[in-house]
Amino acid sequence: MPATRPLGKLRLGVNIDHVATVRNARGGDWPDPVRAAKLAEAAGADGITAHLREDRRHIRDADMERLATELGVPLNFEMAATEEMRALALRLRPHACCLVPERREERTTEGGLDVAGDAARLRDYVGALAEAGIRVSLFIGHEARQIEAAAAVGAAVVELHTGAYCDFHAEGRTAERDAELASLRAGSARAHGLGLEVHAGHGLSFETVAPVAAFPEVMELNIGHFLIGEAIFTGLGPAIEGMRQRMDAARIAAFGGAVM
């Protein structure tokens with residue numbers, strides 16, 4: 001099947017949570033995640049993502065305050081769908097809020113939000129944010145029922161969870177990796193067909209980004225942990241530039257130079 005043209009420029013959102021993880025491991029104010037966000041912006045990031053967890057294990061309230069006022073690119077406020085977080089979002093008015101599942105015991109976000117199982121509550125929750133002019137994204141798996149529920153509750157965007165795909169790749173489970181990639185591809189097409197903007201992220205690296213970047217419906221990738229880790233060796237700017245090069249190369253390879 002010939003590749004279709006991409007539906008828009010593929011944006012890169014950089015998650016700076018784990019700069020705050022390093023800071024908090026020792027206490028104090030260094031390294032500063034807001035400084036990292038500005039460096040990412042200078043290196044070509046199209047947006048900055050930060051997850052203010054309920055336990056404040058990495059990003060703090062003061063970080064979000066500064067990010068909301070000091071950035072020149074859009075801020076994507078990742079958060080659990082709690083009343084506390086909605087109140088903060090309505091006060092800070094970021095460009096976007098991405099609602100994610102959150103459990104205190106997890107190291108990182110381990111799965112997608114169960115939108116279908118919580119649709120009535122999420123419809124009102126999403127509506128309040130949208131009325132304030134905040135673009136609402138839901139971090140979900142590729143299952144059809146979750147994608148359809150995301151559209152039904154009024155989300156503007158879905159971010160598809162790529163963690164399982166990346167885990168299968170790391171473990172050398174090629175057949176499962178390829179099946180998961182195919183499911184993500186089908187999910188991105190389904191979401192776009194329902195009028196949702198499609199983003200993707202979680203666990204993406206230099207090795208895994210190209211196949212996802214080649215999905216024509218995907219308009220944004222959100223990448224954090226790998227970039228912050230790579231920055232230890234190369235610097236944050238070169239890490240971001242290297243990711244951008246791979247994203248663009250994947251788009252060119254898939255669409256014959258029709259990168260927008």
Side-chain angles (χ1 to χ4, degrees), residues 11 13 15-17 20 34 37 46-104 106 108-161 187 190-202 219-220 222 224:
R11 303 187 297 267
N15 185 311
I16 46 85
D17 290 352
V34 179
D46 298 294
I48 298 297
T49 292
H51 183 176
L52 183 64
R53 283 182 171 266
E54 291 182 89
D55 62 9
R56 286 14 179 217
R57 71 177 63 169
H58 38 61
I59 295 295
R60 301 170 180 163
D61 296 65
D63 299 326
M64 295 304 301
E65 297 271 359
R66 291 179 58 204
L67 289 166
T69 58
E70 296 182 25
L71 290 179
V73 293
L75 172 62
N76 178 32
F77 182 171
E78 276 193 359
M79 64 188 208
T82 66
E83 291 306 312
E84 178 197 22
M85 291 300 158
R86 180 163 63 179
L88 280 169
L90 291 174
R91 181 168 62 81
L92 295 176
R93 301 293 177 97
H95 169 78
C97 285
C98 183
L99 305 185
V100 302
E102 189 174 306
R103 295 194 299 275
R104 294 283 177 111
E106 68 187 1
T108 185
T109 306
E110 295 173 349
L113 195 67
D114 181 13
V115 185
D118 198 15
R121 185 180 75 92
L122 286 173
R123 185 177 292 107
D124 291 339
Y125 196 98
V126 168
L129 294 171
E131 285 177 12
I134 299 169
R135 193 166 169 78
V136 182
S137 173
L138 303 181
F139 187 68
I140 62 172
H142 51 61
E143 299 85 358
R145 66 190 290 267
Q146 300 297 349
I147 294 169
E148 291 162 3
V153 302
V157 181
V158 290
E159 181 170 340
L160 299 182
H161 189 327
R190 181 182 295 275
H192 176 71
L194 292 171
L196 294 160
E197 183 171 309
V198 184
H199 300 176
H202 200 83
M219 297 189 69
E220 181 172 304
N222 285 297

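Since this is a predicted model, take the numbers as computed values, not measurements.
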Are [X] and [Y] ion-paired here, with the side-chain N under 4.0 Å from a carboxylate O?
{"X": "E84", "Y": "R56", "answer": "yes"}
{"X": "E148", "Y": "R145", "answer": "no"}
{"X": "R53", "Y": "D55", "answer": "no"}
{"X": "R190", "Y": "E143", "answer": "no"}

Return the [atom1] to [atom2] distance between [X] and [Y], rounded to the nearest 0.5 Å.
{"X": "H199", "Y": "M219", "atom1": "NE2", "atom2": "CE", "result": "7.0 Å"}
{"X": "R11", "Y": "N76", "atom1": "CZ", "atom2": "CG", "result": "10.5 Å"}
{"X": "T82", "Y": "L88", "atom1": "OG1", "atom2": "CG", "result": "8.0 Å"}
{"X": "L67", "Y": "L92", "atom1": "CG", "atom2": "CG", "result": "9.5 Å"}
{"X": "D124", "Y": "L129", "atom1": "CG", "atom2": "CG", "result": "11.5 Å"}
{"X": "E78", "Y": "D17", "atom1": "CD", "atom2": "CG", "result": "6.5 Å"}

Do you know which of L90, L52, L99 makes side-chain contact (heavy atoms from CB on, under 4.5 Å) with M85?
-> L52
Among V158, V126, I140, the one residue meeting side-chain contact (heavy atoms from CB on, under 4.5 Å) with V115 | I140
Please report the closest heavy-atom contact between [X] and [Y], naming both atoms and the distance.
{"X": "R93", "Y": "A132", "result": "NH1-O, 3.4 Å"}
{"X": "C98", "Y": "E159", "result": "SG-OE1, 3.9 Å"}
{"X": "L122", "Y": "A81", "result": "CD2-CB, 4.0 Å"}
{"X": "L160", "Y": "G141", "result": "CD2-O, 3.7 Å"}
{"X": "V198", "Y": "A191", "result": "CG2-CB, 3.8 Å"}
{"X": "L71", "Y": "A37", "result": "CD2-CB, 3.8 Å"}

Does the side chain of T49 come under 3.5 Å of the side chain of N15 through a donor N or O and an acceptor N or O?
-> no
Does R86 use its side chain to pair, donor to acceptor, with the backbone of A128 at less than 3.5 Å?
-> no
Main-chain N/O of D114 paired to Q146 side chain as donor or acceptor, under 3.5 Å = no
Steps toward side-chain contact (heavy atoms from CB on, under 4.5 Å) verdict (I16, D63) = CA-CA 11 Å; I16 46 85; D63 299 326; over 6 Å; no
Under a 4.5 Å cut-off applied to non-hydrogen side-chain atoms, are V157 and R135 in contact?
-> yes
In terms of heavy-atom contacts, does NE2 of H58 have more than 12 from other residues, nucleotides or ligands at under 6.0 Å?
-> yes
